Amino acid sequence: MTTIRLHNTATRKKEVFVPLDPANVRMYVCGPTVYDRAHLGNARPVVVFDVLFRVLRHVFGAEHVTYVRNFTDVDDKINATAAATGRDIRAITDETIGWYHADMDALGALRPSQEPRATDYIAQMIAMIADLVARGHAYAAEGHVLFAVESYAAYGALSGRSIEDMIAGARVEVAPYKRNPMDFVLWKPSDDATPGWDSPWGRGRPGWHIECSAMAQELLGASFDIHGGGIDLQFPHHENEIAQSACAHPEGSFARFWLHNEMLLVEGKKMSKSLGNFFTVRDLLDQGVSGEVIRLVLLGTQYGKPMDWTDTRRAEAEATLYRWRGLVTGVAPGADPDAAMVAALADDLNTPLAIARLHEMAKALGQGGGDAACFVASARLLGLLDPGLAGDRVPADVAARIDALIAARMAARQARDFAQADRIRAILTAAGVRVADSGAAATWEPGPDFDAARLDLPA
RNA sequence: GGCGGGUUGGCGGAGAGGUUACGCAGCGGAUUGCAAAUCCGUGAAGACCGGUUCGAUUCCGGUACCCGCCUCCA
């Protein structure tokens, strides 16, 4: 069996991954707060952990892996959006979840095994909070319930900082009812205009971190294998999750492996909501950048390193996929992916090395050798060269018109009327259609700047 | 200030204490009505200063610079 090694943030080391139960490998990844379109930075963990999901399925069997990714549909940002627009909260979150699915599907990400919504687990959150209070790890104060960080000796272990260090940073919310400035909210009161649920502490709503602890416990148990997310969640989100879960379920180990992807940069700066330097996955798709291209670019950097999105890389990925698809038209995937590529992925998801291996295989194919079926199977393990990702960006009637122009041009070429052939090419090129001659045949595909409207220019 | 990550050829980006990464771009060639694609060949690196070693880009220490977290964030 393939040996998987993963860099565990909790130990800061690369460790051999041995699941608690090989018949049920369990992974939890923090999903989106659903109040807006996913930006490209949000897409990185989705694609990264999708690859891990695929690798785990490959190694342990598809039916032996459970992947949970939550939707946070209770949050003050959502409340703010609702208040600002007058729209119903459920309508906002339902719509946003629909967008999220559509956009992540376009990136070729498999749907997780389960996608729980926080609002369906309020009862479990309240139960966990009550349990933490009973165990002396949390206390109620002025309608709030707070987690007492000093009650958990290992607090700060994940992010490598002590409570004293954190307080020295001193940018925590000052609240008189906190016993320690680092204590964080498990439950907070809601006024009449704010969504709330009845609880032993009055009508209120959960704090940010408790949902993941409650849902992971409910769906994966007190001990599971992998917890993933962006490195910016390491503190405080994951630190707090650990504190809650470890104290509520001391019998369990919570997540054994913590995996964190580094940030996505734009012009060298982190893409983030607060900086406002973000664009959405939908923006790119609407510009004609296929989800598969986005995916290949995202996988071009190992997940543990920051990656810069650039237009150059987008163009390179486009050219690469064009060539690869041309090599394997009509080829069905073989039974097994390339061993060297699997080894690269098993070594802490070294996707750049895996892609390099694909390049080598493609080169062999271009030279007339190689194993096309194995190449396709290998690419599929990365979620690439999937028929569903090819993208039909050209409506059938437009495609028919292009086909007619291609045929007319072919006729002109065969009549050696090259002036006419070039005129037709110019029309197609102007509309962003790439035309490629190969002997007696010609193929075409929409380029990134494809615009059907310009096909109507006079010949 | 505390904690963490990084610095590889023109660009992107890996592995390995000693032997070609890989891709893009460039250059030379093949092919081509034109163009694209494709194929062949090819130059180019390891921030800086020390140390360990027969030998370091790879290990250790220091310096500089960059980035992230400590506040909603993937």
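Being a predicted model, the structure only gives us computed values, none of them experimental. Heavy atoms only: backbone and side chains are in, while hydrogens, waters and symmetry mates are out. By convention in this document, chain letters (A, B, ...) are assigned in the order of the sequence lines, proteins followed by strands, and residues within each chain are numbered from 1.
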Please give, in whole Å, the distance from B:A14 P to A:His359 NE2?
-> 13 Å
For the side chain of A:Arg313, counting heavy atoms from C-beta on, which of B:G68, B:G12, B:C72 is nearest?
-> B:G12
For A:Lys77, answer base if it contacts any base atom (sugar-phosphate contacts may also be present), sugar-phosphate if it contacts only those atoms, and nothing otherwise; contact means non-hydrogen atoms under 4.0 Å.
-> sugar-phosphate
Can you tell me the distance, in whole Å, between the CG atom of A:Leu298 and the C1' atom of B:G12?
-> 14 Å
Touch class at under 4.0 angstrom, heavy-atom based, for A:Phe418 against every strand present | base
Length of the line joining A:Gln302:CD and B:C22:P, which is rounded to integer Å | 20 Å
Go through B:C72, B:G68, B:C34 for me and flag the one nearest to the A:Arg413 side chain.
-> B:C34
Among B:G68, B:C40, B:A37, the one nearest A:Lys363 by side-chain distance = B:C40
Given B:C24, B:C34, B:G2, which nucleotide is nearest the side-chain atoms of A:Asp437?
-> B:C34
Reckon A:Leu264 touches a base, only the sugar-phosphate, or nothing at all at heavy-atom distances under 4.0 Å?
-> base
Donor-acceptor pair between A:Asp403 and A:Trp444 side chains, under 3.5 angstrom = yes
Any Lys/Arg nitrogen of A:Asp225 or A:Arg256 sitting under 4.0 Å from an Asp/Glu carboxylate oxygen of the other?
-> yes
Does B:U63 have a Watson-Crick or wobble mate here (both distances under 3.5 Å), and if so which one?
-> B:A47
With a 4.0 Å cut-off on heavy atoms, is A:Glu360 in touch with a base, just the backbone sugar-phosphate, or nothing at all?
-> sugar-phosphate
Provide the Watson-Crick or G-U wobble partner of B:G68, both distances under 3.5 Å; none if there is no partner.
-> B:C3
Side chains of A:Val46 and A:Arg69 in contact at under 4.5 Å (non-hydrogen atoms) | yes
B:A21: pairing nucleotide in any strand, Watson-Crick or G-U under 3.5 angstrom = none
Which nucleotide in the set B:A74, B:A14, B:A36 lies at the smallest distance from any side-chain heavy atom of A:Pro352?
-> B:A14
Side chain of A:Asn350, base of B:G15: donor and acceptor closer than 3.5 Å?
-> no
Exercise: do A:Ser151 and A:Arg179 side chains pair donor with acceptor under 3.5 Å = no
Test log, rule side-chain hydrogen bond (donor to acceptor under 3.5 Å, both in side chains), inputs A:Thr119 and A:Asp73 | CA-CA 6 Å; A:Thr119 48; A:Asp73 60 349; 2.6 Å; yes
With respect to the side chain of A:Arg323, which nucleotide from B:C69, B:A37, B:A14 is positioned closest?
-> B:A37
When the nearest nucleotide of RNA chain B is assigned to A:Val435 and to A:Arg357 on a heavy-atom basis, which residue is associated with the more 5' position?
-> A:Arg357
Interatomic distance where CE belongs to A:Met27 and C1' belongs to B:A74 [whole Å] | 14 Å
Nearest-neighbour nucleotide for the A:Lys305 side chain, B:G23, B:U7, B:G33 considered = B:U7
Nucleotide B:A25, atom P - distance to CD of A:Glu318 in whole Å = 13 Å
To the side chain of A:Ala356, which of B:C22, B:G23, B:C70 is closest?
-> B:C22
Taking for A:Gly300 and for A:Ala419 the nucleotide of RNA chain B with the nearest heavy atom, the one nearer the 5' end belongs to A:Gly300
Any strand: nucleotide that pairs with B:G26 via Watson-Crick or wobble, under 3.5 Å = B:U42
Paired nucleotide for B:U32 [Watson-Crick or G-U wobble; both distances under 3.5 Å] | none
A:Arg416 atom CZ: more than 12 heavy-atom contacts under 6.0 Å | no
Between B:A74 (P) and A:Asp36 (CG): distance, integer Å | 11 Å
Closest of B:C39, B:A74, B:U38 to the A:Gln367 side chain is B:C39
Determine the interatomic distance between C1' on B:G41 and the same-named atom on B:U31; round to the nearest Å.
-> 15 Å
Please state whether the base of B:C72 and the side chain of A:Asp75 form at least one donor-acceptor pair under 3.5 Å?
-> no
How close or far is atom P of B:A36 from atom CG of A:Asp422, stated in whole angstroms?
-> 13 Å
Phosphate OP1/OP2 of B:G12: any A:Thr312 side-chain N/O under 4.0 Å = no
Watson-Crick or G-U wobble mate for B:G9, both contacts under 3.5 Å | none
May I have the step-by-step check of side-chain hydrogen bond (donor to acceptor under 3.5 Å, both in side chains) for A:Asp50 and A:Tyr67, ending in yes or no?
-> CA-CA 9 Å; A:Asp50 178 62; A:Tyr67 170 22; over 6 Å; no
Reckon A:Arg325 has a side-chain N or O less than 4.0 Å from the OP1 or OP2 of B:A37?
-> no
Across the strands shown, which category fits A:His39 at heavy-atom distances under 4.0 angstrom: base, sugar-phosphate, nothing?
-> base
Starting at atom CE of A:Met271, determine the distance to atom C1' of B:C72, rounded to an integer number of angstrom.
-> 17 Å
More than 12 non-hydrogen atoms from neighbouring residues, nucleotides or ligands closer than 6.0 Å to CZ on A:Arg37, yes or no?
-> yes
Measure distances between side-chain N and O atoms of A:Arg425 and base N and O atoms of B:C34, and say whether any donor-acceptor pair falls under 3.5 Å.
-> yes
Check every atom of B:C24, B:A74, B:G33 against the side chain of A:Pro45 and return the nucleotide holding the closest atom.
-> B:A74
